[in-house]
Amino acid sequence: MIMGTAQAHDDSNATEEQILAAAATLFQQNGYSRTKVVDIARAAGITPPTLYWHFESKADILYAFLHQSLEDFLGQIEAATAGIDDPVDALARFAAAHTRAQLAKLSQAHAFLSMTYSPTQLASALSKDRYEVVREMHRRHVDQCRDLIRRGVDQGVFDVPDITAATFAVLNIAEYAAMWFRPDGNLGVEDVAQMNADFALRLVAASPPPRRHSRKRATNDARR
């Protein structure tokens with residue numbers, strides 16, 4: 001009985017992951033308003049009644065996608081920077097982890113960006129309470145970056161004209177890597193992560209450490 005219950009739970013989670021992945025792709029391709037529940041079910045390889053057993057509405061799917069994406073994302077960033085006292089090292093790790101998280105799941109990153117780009121659209125799709133949860137999770141990430149930069153300024157290792165402007169410059173560098181990165185391009189994920197870490201440090205007038213190119217980039221360079 002216990003084994004059967006565990007298997008059913010795993011199957012349910014797997015189905016929900018399928019639904020969220022299918023929804024992310026369709027939201028990115030067609031937009032939230034033009035995506036129908038039946039389209040999500042078809043893309044997930046299930047029937048609409050099965051989908052409704054897991055989620056009551058399209059808005060529930062959207063909220064689950066955004067909340068899960070943010071939880072996973074914030075967990076990766078916080079794990080990468082935990083216990084790092086040096087602001088230079090912490091900011092570099094922050095920018096690199098942010099970039100890796102974006103590039104690890106490109107389709108989800110594209111969908112997330114398209115859904116959160118317009119706060120008005122997001123607010124119209126979610127209830128007020130859910131919208132505030134998503135905004136608070138996003139603010140947590142922004143505040144962490146701002147606090148890292150402020151710490152570096154206070155210690156005299158960063159030099160920026162405005163902490164808030166520097167914060168959003170760093171965030172945008174990492175966030176929008178997903179818009180131009182190509183898995184079959186000359187740069188690997190780790191190349192871009194370390195490059196963005198260096199860019200982040202240059203933005204706050206801190207010298208980045210020397211980096212070694214990844215094997216992928218070195219191989220591509222050798223072919224030229």
Side-chain angles (χ1 to χ4, degrees), residues 63 65-106 108-123 126 128-181 187 189-212 214:
Y63 177 69
F65 165 66
L66 294 173
H67 193 274
Q68 178 178 302
S69 297
L70 278 166
E71 271 197 332
D72 292 345
F73 175 75
L74 292 173
Q76 292 180 57
I77 306 301
E78 289 166 2
T81 57
I84 306 300
D85 295 325
D86 176 27
V88 174
D89 190 16
L91 185 62
R93 287 170 179 260
F94 177 96
H98 185 153
T99 303
R100 288 190 202 98
Q102 291 293 101
L103 303 187
K105 297 181 178 179
L106 274 178
Q108 288 91 331
H110 291 165
F112 188 88
L113 284 170
S114 68
M115 288 308 307
T116 57
Y117 181 76
S118 171
T120 301
Q121 174 183 277
L122 195 61
L126 298 176
K128 182 178 179 181
D129 289 346
R130 286 180 166 183
Y131 177 68
E132 286 303 321
V133 169
V134 170
R135 283 195 61 184
E136 181 55 37
M137 294 177 79
H138 185 263
R139 276 195 294 265
R140 197 169 103 202
H141 182 57
V142 174
D143 288 345
Q144 183 184 4
C145 185
R146 184 186 285 114
D147 290 345
L148 285 175
I149 294 175
R150 181 178 289 111
R151 192 183 348 146
V153 170
D154 290 344
Q155 293 182 21
V157 294
F158 295 165
D159 182 14
V160 299
D162 185 89
I163 291 175
T164 296
T167 297
F168 283 99
V170 169
L171 292 173
N172 284 335
I173 285 173
E175 187 83 2
Y176 287 93
M179 303 306 293
W180 59 264
F181 176 76
L187 296 173
V189 170
E190 195 58 28
D191 289 318
V192 180
Q194 296 303 328
M195 185 172 63
N196 284 350
D198 293 348
F199 286 155
L201 294 180
R202 289 190 172 101
L203 273 169
V204 297
S207 298
R211 305 286 186 189
R212 287 173 47 182
S214 73

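The shown structure was predicted, so the numbers you read here are calculated from the model rather than taken from an experiment.
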Inset, instruction - State, with a plain yes or no, whether a side-chain heavy atom of R140 is found less than 4.5 Å away from one of E78. - result: yes
Inset, instruction - Please examine the side chains of V153 and D159, heavy atoms only from C-beta on, and report whether any two atoms are closer than 4.5 Å. - result: no
Legend entry - Reported OG1-to-CZ distance for the pair T99 and F199, which is rounded to 0.5 angstrom: 10.5 Å
Legend entry - Shortest non-hydrogen contact from A95 toward A200: CB-CB, 3.8 Å
Inset, instruction - Kindly compute the distance separating CD (Q68) from CG (L66), expressed to the nearest 0.5 Å. - result: 10.5 Å
Legend entry - Any E132 side-chain heavy atom under 4.5 Å of M137 side chain: no
Inset, instruction - Output the distance between atom CD1 (I84) and atom CZ (R93), rounded to the nearest 0.5 Å. - result: 4.0 Å
Legend entry - Minimum side-chain heavy-atom gap Q76-H98 below 4.5 Å: no
Legend entry - Salt bridge flag under 4.0 Å for residues D154 and R151: no
Legend entry - Any donor-acceptor N/O pair, Q102 side chain to A178 backbone, under 3.5 Å: no
Inset, instruction - Specify the closest pair of heavy atoms between T81 and A90, including all atoms of both residues, with the distance to one decimal. - result: CG2-O, 3.7 Å
Legend entry - Minimal non-hydrogen separation, A97 against I77, with atom names: C-CD1, 3.5 Å
Inset, instruction - Would you sort out whether L203 and I173 count as a side chain to side chain contact (heavy atoms under 4.5 Å, CB included), showing the intermediate values? - result: CA-CA 10 Å; L203 273 169; I173 285 173; 3.3 Å; yes
Legend entry - Close side-chain approach of H141 to L70, heavy-atom, < 4.5 Å: no
Legend entry - Full working for ring pair (Phe, Tyr, Trp, His ring centres under 6.0 Å) between F73 and H138: CA-CA 10 Å; F73 175 75; H138 185 263; 8.8 Å; no
Legend entry - Intermediate values then yes/no, side chain to side chain contact (heavy atoms under 4.5 Å, CB included), H67 and V134: CA-CA 7 Å; H67 193 274; V134 170; 5.7 Å; no
Inset, instruction - For the residue pair V192 and W180, establish whether any side-chain heavy-atom pair is separated by less than 4.5 Å. - result: yes
Legend entry - Heavy-atom side-chain proximity of V204 to V88 below 4.5 angstrom: no
Inset, instruction - Would you name the heavy atoms of F158 and L148 that are closest together and state the gap between them? - result: CE1-O, 3.7 Å
Inset, instruction - Supply the atom-to-atom distance D147 CG to L91 CG, rounded to the nearest 0.5 angstrom. - result: 12.0 Å
Legend entry - Validation row: F94, L171 side chains within 4.5 angstrom (heavy atoms): yes
Legend entry - Distance in Å, N196 CG paired with N172 CG, rounded so as to fall on 0.5 Å steps: 11.0 Å
Legend entry - For A197 against A92, the heavy-atom pair lying closest together: CB-O, 3.4 Å
Inset, instruction - First locate atom CD1 of I149, then atom OG1 of T167, and finally report the distance between them rounded to the nearest 0.5 Å. - result: 4.0 Å
Legend entry - Closest heavy-atom pair and its distance - L187, F181: O-CE1, 3.2 Å
